[in-house]
Amino acid sequence: MRTLLWIVGVVLLLQGLAPLAQSAFGNDPTESFFLVNLVPAAQPWVNLALAALGAGALLLAERNHARAR
């Protein structure tokens, strides 16, 4: 379960933060495959929500791992 949460967390973090980083470096994130491109009107908020969900999944994975010790 911990490994699955890690994978989901990392993927969500990448999907949330990569378009923001790509925009910061002057590239157009709509040319890449990101989940947030499905809702272009709400893209900054969806980016932050995906990043928060990813961070939450990573924290949950660590918490479950610490409890299992």
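Here the structure is a predicted model, which means the values were calculated and not measured.
- Within the structure, salt bridge (Lys or Arg N to Asp or Glu O under 4.0 Å) contacts touching residues 19-42 (residues at least two apart or in different chains) do not occur.
- Remark: Leu17 engages Leu13, Leu20, Ala51 in a side chain to side chain contact (heavy atoms under 4.5 Å, CB included) (not counting sequence neighbours).
- Leu35 belongs to a hydrophobic cluster with Leu4, Val8, Leu12, Phe34, Val36, Val39, Val46, Leu50, Leu53, counting contacts under 4.5 Å between side-chain heavy atoms of Ile, Leu, Val, Met, Phe, Trp and Tyr, direct or through other members.
- Screening residues 15-24 for side-chain hydrogen bond (donor to acceptor under 3.5 Å, both in side chains) gives Gln22-Ser32 as the qualifying pairs, with residues at least two apart or on separate chains.
- Residue pairs meeting the salt bridge (Lys or Arg N to Asp or Glu O under 4.0 Å) criterion with at least one partner in residues 53-64, sequence neighbours excluded, are Arg2-Glu62.
- Taking Leu60 as the reference, Leu5, Asn64 meet the side chain to side chain contact (heavy atoms under 4.5 Å, CB included) condition, with sequence neighbours excluded.
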